[in-house]
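I have placed the structure first, in the form of structure tokens, so that the comments after it can refer back to it.
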Protein chains: 2
Amino acid sequence: MCSVKRRDDRTAAARIRDAAVELFGREGFHKATVRDIAKDAGVSPALVLHHYGSKSGLRDACDEWVVEEFARARTEMVESGTSTDPFAAMALIQGEEVRMAYLLRSLREGTPAAGRLFDGLVEHSLRMMEQGVRTGELRPSRNLHDQAVLLVAWQFGGLLLQGDVARAFGTELNSREMKERYIRAVLEVMTHGVFSDSRYEDAWNELEPTESVSEGAMEHD
Amino acid sequence: MCSVKRRDDRTAAARIRDAAVELFGREGFHKATVRDIAKDAGVSPALVLHHYGSKSGLRDACDEWVVEEFARARTEMVESGTSTDPFAAMALIQGEEVRMAYLLRSLREGTPAAGRLFDGLVEHSLRMMEQGVRTGELRPSRNLHDQAVLLVAWQFGGLLLQGDVARAFGTELNSREMKERYIRAVLEVMTHGVFSDSRYEDAWNELEPTESVSEGAMEHD
DNA sequence: TAGTATACTGAACATGTGTTCAGTGAAGCG
DNA sequence: CGCTTCACTGAACACATGTTCAGTATACTA
């Protein structure tokens, strides 16, 4: 009689959390019901509340778990291979599909956990980029921190809108062609920019002469 | 007895639609209840359903209305001043706060209406960018269409994540300082890129030799 | 005037869903 | 064994919310 119940060795609480991460990510916090999560985990709805107190408590547990997993993956990556290009920071986030879906959903719904992960990724990217500047792979910026924020926001933004990008490309979502064309476009902009000269930047700098860059950046000429 | 009821000259159906646009944008489709919308519009909940059939029907009406308004603003802009820089395409979307909030919410929730607006903005940006290339303000791209998609996705992405950006900047959301620093960072990347040379682009092009650029781009050497 | 359509309302209905609670069975412990 | 603890369940509760419906008032038409 142990063929059905013993389908995996995770504890019931862990199965509930895993099912919740998947359903929250796929359906969103509201549409994913406690009953659905319980069914996917193979337990009764009451047990979900027994272990996590409430649906929000379950989300908090999922947040903590996912953020923890990403942090673990990040430190592992740093300790093993050391790639300095800013895309490596994103690579570690892709690959684990369900956690990625959960993260994107959290970002969409604006939970604090996603914000913390955003901040952590900014910090991580900044360190990578500082190293890239030292090795000469990246051109120095007048405000590397702000640039890191911008790049992380853009990367996440592209991920959030990947459905729209795929449609506008006329390709299947996550198809090989889509990824290639996307990366190619990114590389071109990252390498050459889009303006033919610095007239826009100059015009802006004339309008808004380099005012005191507040906290978060410490350049001084 | 006409002091309370006659607070504006919009028809009840219009007031309902306006209240719905605002609440859907601020709270999201799920959290904005029919009763709340009715209260904001100063009518009974039943009237909402009487005019729009269902809550989904109301959303459809809001979608159509907002998309229509943006399209109108866009054609107006094109017909009056003719600015070719790609940021002008975004400027028309900002400014009208409630519609902007509604659009961002739709983008987050992935409604088809937001997709249509995304596509429209890509097309519009592409035309602007083609003109920019002709006038020499933009450097020619090997695939201007894909670049337009990327830039629109990034712009929207930055908008979607403006809360995270503000926090990472250490500024108030929508503060003057935040906008200045954001624009400055954007201009720097758009003008110079982030890489110091083309080694990454070259490496990629060696790995993935310029395969037949499929539909949507028609460059040939 | 009578009739009909339309805008509109209050109240009720149906359902989905988070949550509670009494109870069961098994495991550990004295 | 008796007791407690804990994971776990089935059923019910409470409530929010979309929706329906009978009914009212007003405006327009024949």
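For clarity, every value in this text was computed on a predicted model and none was experimentally measured. Numbered from 1 within each chain, the chains take letters A, B, ... in sequence-line order. No hydrogens, no waters, no symmetry mates; every other heavy atom, side chains included, goes into these values.
Taking atom CG on B:Leu47 and atom P on C:dA7, their separation rounds to 9 Å, with Å as the unit. A straight line from NZ of A:Lys55 to C1' of C:dT19 spans 12 Å, rounded to a whole angstrom. Per the geometry, CG belonging to A:Leu49 stands 11 Å off C1' belonging to C:dT17, to the nearest Å. Between the CZ atom of B:Arg15 and the C1' atom of C:dA7 there is a distance of 11 Å, rounded to whole Å.
Between B:Asp119 and B:Arg116 no salt bridge is recorded (no basic side-chain N to carboxylate O distance below 4.0 Å). Under 4.0 Å is where a charged nitrogen must lie from a carboxylate oxygen, and between B:Glu180 and B:Arg184 no such pair does. Using a cut-off of 4.0 Å between Lys/Arg side-chain N and Asp/Glu carboxylate O, A:Arg127 and A:Glu130 are scored as not salt-bridged.
OP1 and OP2 of D:dC8 both lie 4.0 Å or more from every side-chain N or O belonging to A:His50. The phosphate of D:dC8 has OP1 or OP2 within less than 4.0 Å of a side-chain N or O from A:His51.
Counting non-hydrogen atoms under 4.0 angstrom, A:Ala12 reaches the backbone sugars and phosphates but no base.
Taking 3.5 Å as the limit, the base of C:dG16 and the side chain of A:Arg35 contain no donor-acceptor pair of atoms between them.
In this pair, A:Trp154 and B:Trp154 present their aromatic rings parallel. The plane angle is below 30°, not in the 30 to 60° band.
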